[in-house]
Engineer: 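Pasting a structure below so you can have a look.
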Amino acid sequence: MALLPVLCYPDVRLFKVAKPVAQVDARTRKIVADMAETMYEAPGVGLAATQVDVHERIIVIDISESQDELMVFINPELVWASDEKKSWREGCLSVPEYYDEVDRPDRVRIKALDLNGNSFELDADGLLSVCLQHEMDHLEGKVFVEYLSLLKRSRISLKMKKRAKELASPF
């Protein structure tokens, strides 16, 4: 396993739409293992392949307190979403140190493949529902800050660019 670099907003690669995984194989499982290690190290509760510059439809999530209940979603599809909305304070590994309220459907049903290539469906609510929608947005080239006002997005973009320069500078 290996830690992968996480792309930071407003990196243009975050806006690429991910392609479906053609075949779940050893290469796919290696990507998942590396993504999981990266997510746990960050630490985070979810990570989409897009965030690590792999433009394939793969998501890893672990919302457990003990961080030992990894969920893998390959080629996830939103089958159903409730009309009820709920506001959650979201953060993102690609937008470090920034959190804001986002309204999303309260409950969703997702169809995906597991690590063995088997199809499954999952009904989710609460934090899992939010994480799934957040990570699936990444696969569509969308970052959660796009739900915010233009003014907030501009400020975040400037902060992230300044942060990147500071991290890159040896002085």
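Note: hydrogens, waters and symmetry copies are ignored here, and every other heavy atom, side chains too, is used. Keep in mind it's a predicted model, so treat the numbers as computed, not measured.
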Engineer: How long is the gap from CD1 on Ile58 to CD1 on Ile74, to the nearest 0.5 Å?
Structural biologist: 6.0 Å
Engineer: Short question: side chain of Arg107, backbone of Ser129 - any donor-acceptor pair under 3.5 Å?
Structural biologist: no
Engineer: Can you tell me how far apart CZ (Arg89) and OH (Tyr99) are? Round to the nearest 0.5 Å.
Structural biologist: 8.5 Å
Engineer: How far apart are the C-alpha atoms of Val72 and Asp114, what are their side-chain angles, what is the distance that settles it, and do they pass the side-chain contact (heavy atoms from CB on, under 4.5 Å) test?
Structural biologist: CA-CA 6 Å; Val72 177; Asp114 65 18; over 6 Å; no
Engineer: Apply side-chain contact (heavy atoms from CB on, under 4.5 Å) to the pair Met136 and Ile59, showing each step before the final yes or no.
Structural biologist: CA-CA 8 Å; Met136 288 177 70; Ile59 293 171; 3.5 Å; yes
Engineer: For Glu41 and Thr38, indicate whether the former's side chain and the latter's backbone hold a donor-acceptor pair under 3.5 Å.
Structural biologist: no
Engineer: What is the distance from atom CD of Gln133 to atom CG of Leu78, rounded to the nearest 0.5 Å?
Structural biologist: 7.0 Å
Engineer: So that I can tick it off, tell me whether Arg57 and Glu140 are bridged by a salt bridge, with the cut-off set at under 4.0 angstrom between side-chain N and carboxylate O.
Structural biologist: yes
Engineer: Between Asp25 and Arg27 (side chain of the first, backbone of the second, donor and acceptor by atom type, cut-off under 3.5 Å), is there such a pair?
Structural biologist: yes
Engineer: Would you indicate whether the side-chain heavy atoms of Lys86 and Asp103 approach each other to under 4.5 Å?
Structural biologist: no
Engineer: Would you say the side-chain atoms of Thr28 pair up with the backbone N or O of Gln23, donor to acceptor, closer than 3.5 Å?
Structural biologist: yes
Engineer: Checking Asp100 now: which residues fulfil side chain to side chain donor-acceptor pair (under 3.5 Å) with it, not counting sequence neighbours?
Structural biologist: Tyr98, Lys152
Engineer: Please report the shortest heavy-atom distance between Ala2 and Glu37, naming the atom on each side.
Structural biologist: N-OE1, 3.1 Å
Engineer: Among all residues two or more places apart in sequence or in another chain, which pass the ring-ring contact (aromatic ring centres under 6.0 Å, His included) test with His138?
Structural biologist: His134
Engineer: Quick one, Lys159 and Ile156 - any side-chain contact, counting heavy atoms below 4.5 Å?
Structural biologist: no
Engineer: Has Glu101 got more than 12 heavy atoms of other residues, nucleotides or ligands less than 6.0 Å from its CD?
Structural biologist: yes
Engineer: Would you give the length of the straight line joining atom CG of Asp68 to atom OG of Ser66, rounded to the nearest 0.5 angstrom?
Structural biologist: 3.0 Å
Engineer: Establish whether Ile31 and Val60 are linked, either directly or via other cluster members, by ILVMFWY side-chain heavy-atom contacts under 4.5 Å.
Structural biologist: yes
Engineer: Taking all non-hydrogen atoms of both residues, which atom of Ala36 and which atom of Leu70 are closest, and how far apart?
Structural biologist: CB-CD2, 3.8 Å
Engineer: Do Val145 and Tyr9 have side-chain heavy atoms sitting under 4.5 Å apart?
Structural biologist: yes
Engineer: Side chain to side chain contact (heavy atoms under 4.5 Å, CB included) with Asp137: which residues, sequence neighbours excluded?
Structural biologist: Arg104, Lys142, Tyr147
Engineer: For Glu121, I'd like to know if atom CD has over 12 heavy atoms of other residues, nucleotides or ligands within 6.0 Å.
Structural biologist: yes
Engineer: Are side-chain heavy atoms of Leu127 and Cys131 found at a separation under 4.5 Å?
Structural biologist: yes
Engineer: Between Leu139 and Val17, is a side-chain contact (heavy atoms from CB on, under 4.5 Å) present by the stated rule, with each step listed?
Structural biologist: CA-CA 6 Å; Leu139 301 180; Val17 175; over 6 Å; no
Engineer: Do other residues, nucleotides or ligands put more than 12 heavy atoms under 6.0 Å from the CZ atom of Arg155?
Structural biologist: no
Engineer: Following the transitive rule for hydrophobic clusters with a side-chain heavy-atom cut-off under 4.5 Å over Ile, Leu, Val, Met, Phe, Trp and Tyr, establish whether Val102 and Leu14 coincide in one cluster.
Structural biologist: yes
Engineer: Going by ring pair (Phe, Tyr, Trp, His ring centres under 6.0 Å), name the pairs with one or both residues in residues 15-52, residues two or more places apart or in two chains.
Structural biologist: none
Engineer: With distance as the sole test, does Ser94 use its side chain to make a donor-acceptor pair with the main-chain N or O of Cys8 at under 3.5 Å?
Structural biologist: no
Engineer: Under the criterion side chain to side chain contact (heavy atoms under 4.5 Å, CB included), which of Ile110, Ile61, Asp123, Val108 is the partner of Leu128?
Structural biologist: Ile61
Engineer: Between Asp53 and Arg13 (salt bridge meaning N to carboxylate O under 4.0 Å), is one present in this structure?
Structural biologist: yes
Engineer: Taking Gln67 for the side chain and Asp62 for the main chain, is one N or O donor matched with an acceptor at less than 3.5 Å?
Structural biologist: yes
Engineer: Has Asp106 got a side-chain atom pairing as donor or acceptor with Glu84's backbone, closer than 3.5 angstrom?
Structural biologist: no
Engineer: Could you see if Val52 belongs to whatever hydrophobic cluster contains Val143? Use Ile, Leu, Val, Met, Phe, Trp, Tyr and a side-chain cutoff under 4.5 Å.
Structural biologist: no
Engineer: Between Leu93 and Leu47, is any pair of side-chain heavy atoms under 4.5 Å apart?
Structural biologist: yes
Engineer: Do Lys111 and Pro76 have side-chain heavy atoms sitting under 4.5 Å apart?
Structural biologist: no
Engineer: Under the side chain to side chain contact (heavy atoms under 4.5 Å, CB included) test, which residues partner Ser154, sequence neighbours left out?
Structural biologist: Leu150
Engineer: Any idea which heavy atoms bring Gly46 and Glu135 closest together, and the distance?
Structural biologist: C-OE2, 3.2 Å
Engineer: Give every residue pair that meets the ring pair (Phe, Tyr, Trp, His ring centres under 6.0 Å) criterion with at least one member in residues 52-74, sequence neighbours excluded.
Structural biologist: Phe73-Phe120
Engineer: Would you find a donor on one side and an acceptor on the other, under 3.5 Å apart, between the side chain of Glu56 and the backbone of Lys19?
Structural biologist: no
Engineer: Is there a side-chain contact between Leu132 and Val130, using heavy atoms and a 4.5 Å cut-off?
Structural biologist: no
Engineer: Which atom names give the shortest non-hydrogen contact between Cys92 and Gln51, and what distance separates them?
Structural biologist: SG-NE2, 3.6 Å
Engineer: Less than 4.5 Å apart, side chain to side chain, heavy atoms only: is that true for Leu113 and Val21?
Structural biologist: no
Engineer: As an exercise, state the distance from CE of Met35 to CG of Leu3, rounded to the nearest 0.5 Å.
Structural biologist: 13.0 Å
